[in-house]
Amino acid sequence: MNIFRLAGDMTHLMSVIVLLLKIHTIKSCAGISLKTQELYALVFATRYLDIFTDFISLYNTIMKLIFLASSFSIVWYMRQHKIVRRSYDKDQDTFRHHFLILPCLLLALFINEKFTFKEVMWTFSLFLEAVAILPQLVLLQRTRNIDNLTGQYVLLLGAYRALYILNWIYRFFTEPHYIHWITWISGLVQTLLYADFFYYYFNSWKNNIRLQLPA
């Protein structure tokens, strides 16, 4: 554990809190992509298969439980809650997210550090997380009118990944033989997908104007 890893985890946690705050308090999921949330639920479900078999630390277990519970809770809210689901714009959230799953799975079967079920699923979760934000970004481009909480949610997700890159750089220079190409490349791809959003977010903040992404 180092400051970059801790900051990344806390930023990731804050993104979930912001989204749950929006959904639970305002009773609205407007501007949120159900497709992205379903992908994240799949990411955590396949990444944390070891939660009850391999104990690392209490902190690690608690964080895993939080992300598993929150991701499936968000999907439930958007699909089943009688008020929240009314605000879901399924006509705009049309990204075919199912077509992201199979390529990521095939890639994990061929590119992995160890060919075991848990290792392949862990690698699959990395590849899928790298592209899971795509439906959300496409939805924001289509709706264009982005509320503050939705913008903060996406910003925090991008910041979490950027902080993890700093964590990897720190560990590379401080830990001997620390090389994880699959994790690094997946994280870099994921961060690059946020680059356009970061530019428009900080531009809107700098000029004190409402955040809008170009169509």
Side-chain angles (χ1 to χ4, degrees), residues 8-49 51 61-101 104 125 128-161 190 193-194 196-198 200-205 208-215:
D9 286 348
M10 293 302 103
T11 305
H12 195 185
L13 183 61
M14 282 300 299
S15 72
V16 173
I17 292 174
V18 166
L19 182 53
L20 284 172
L21 181 67
K22 172 187 172 81
I23 292 175
H24 183 71
T25 305
I26 307 177
K27 295 294 186 295
S28 171
C29 63
I32 301 300
S33 169
L34 174 61
K35 309 296 178 69
T36 283
Q37 298 308 316
E38 289 176 339
L39 291 178
Y40 278 134
L42 182 57
V43 164
F44 296 130
T46 53
R47 180 172 301 172
Y48 299 148
L49 292 173
I51 188 169
T61 300
I62 290 174
M63 293 298 283
K64 287 178 179 179
L65 289 172
I66 288 174
F67 289 121
L68 279 168
S70 60
S71 61
F72 282 96
S73 295
I74 291 167
V75 171
W76 179 85
Y77 262 112
M78 296 183 71
R79 281 189 169 275
Q80 303 296 331
H81 194 280
K82 61 182 180 180
I83 299 176
V84 174
R85 67 182 183 181
R86 295 175 190 168
S87 59
Y88 170 54
D89 191 356
K90 64 180 180 180
D91 293 331
Q92 296 288 344
D93 190 24
T94 57
F95 190 101
R96 297 185 178 183
H97 65 319
H98 298 100
F99 291 111
L100 295 174
I101 298 173
C104 290
S125 76
L128 188 60
E129 186 183 17
V131 295
I133 196 62
L134 282 174
Q136 180 65 65
L137 294 176
V138 170
L139 178 60
L140 294 183
Q141 285 183 318
R142 288 176 177 173
T143 56
R144 303 200 66 187
N145 200 9
I146 307 169
D147 65 78
N148 288 334
L149 287 177
T150 302
Q152 290 168 10
Y153 164 67
V154 177
L155 178 72
L156 288 168
L157 273 180
Y160 135 70
R161 183 46 66 187
Q190 185 179 356
L193 290 177
Y194 287 94
D196 195 51
F197 177 85
F198 285 159
Y200 287 102
Y201 185 94
F202 286 110
N203 190 52
S204 68
W205 173 77
N208 196 27
I209 59 176
R210 193 173 185 84
L211 174 62
Q212 287 187 333
L213 299 184

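The chain is numbered in sequence order, starting from 1.
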Report the C-alpha separation of Leu128 and Thr46 in whole Å, then their side-chain angles, then the decisive distance to 0.1 Å, and conclude whether the side chain to side chain contact (heavy atoms under 4.5 Å, CB included) test is met. CA-CA 10 Å; Leu128 188 60; Thr46 53; 5.9 Å; no
**OP:** Verify side chain to side chain donor-acceptor pair (under 3.5 Å) between Gln190 and Arg161, making sure each step is shown before the conclusion.
**Re:** CA-CA 7 Å; Gln190 185 179 356; Arg161 183 46 66 187; 3.0 Å; yes
Open item on the list: I'd like to know whether Gln152 forms a side chain to side chain contact (heavy atoms under 4.5 Å, CB included) with Met14, so could you lay out the CA-CA distance, the side-chain angles of the two residues, the decisive distance to 0.1 Å, and finally the verdict.
Closed with: CA-CA 10 Å; Gln152 290 168 10; Met14 282 300 299; over 6 Å; no
Original post:
Run the side chain to side chain contact (heavy atoms under 4.5 Å, CB included) check on Ile26 and Leu21 step by step: do they pass?
Top reply: CA-CA 7 Å; Ile26 307 177; Leu21 181 67; over 6 Å; no
For Leu155 and Phe202: C-alpha separation, side-chain torsions, deciding distance, then whether side chain to side chain contact (heavy atoms under 4.5 Å, CB included) applies.
CA-CA 10 Å; Leu155 178 72; Phe202 286 110; 4.2 Å; yes
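Counting heavy atoms from C-beta outward, Ile66 and Ile62 have side chains that approach closer than 4.5 Å. Between Phe95 and Leu100, some side-chain heavy-atom pair lies under the 4.5 Å cut-off. Two residues are said to be in side-chain contact when any heavy atoms from C-beta on lie closer than 4.5 Å; Phe197 and Leu140 meet this criterion. Tyr194 is listed as a side-chain neighbour of Val154, based on a closest heavy-atom distance under 4.5 Å. Counting only heavy atoms from C-beta outward, the side chains of Leu156 and Val16 never approach each other to under 4.5 Å.
When all heavy atoms are compared, the tightest approach of Leu139 to Gln92 is CD1-CB, 3.5 Å. Here the closest non-hydrogen pair linking Leu149 and Val18 is O-CG1, 3.4 Å. The heavy-atom pair separating Ile74 from Ile23 by the smallest distance is CG2-CD1, 3.9 Å. For Ala45 against Phe72, the heavy-atom pair with the smallest separation is CB-CZ, 4.1 Å. Ser87 and Ser28 get closest at one heavy-atom pair: OG-CA, 3.4 Å.
Applying the side-chain hydrogen bond (donor to acceptor under 3.5 Å, both in side chains) test to every pair with at least one member in residues 10-22, sequence neighbours left out, gives these pairs: Lys22-Asp147, Lys22-Thr150. Within the structure, the salt bridge (charged side-chain N to carboxylate O under 4.0 Å, His left out) test picks out the following pairs touching residues 70-92 (sequence neighbours left out): Glu38-Arg79.
Side-chain atoms of Arg47 come within 3.5 Å of backbone N or O of Ser125 as a donor-acceptor pair. Panel note: side chain Lys35, backbone Asp93; a donor-acceptor pair is recorded below 3.5 Å. A donor-acceptor contact shorter than 3.5 Å links the side chain of Gln136 to the backbone of Ser33.
Using bins of under 30°, 30° to 60° and over 60° for the plane-to-plane angle, the ring pair Phe44/Phe67 lands in the parallel bin.
Heavy atoms of other residues, nucleotides or ligands lying less than 6.0 angstrom from CH2 of Trp205 number 12 at most.
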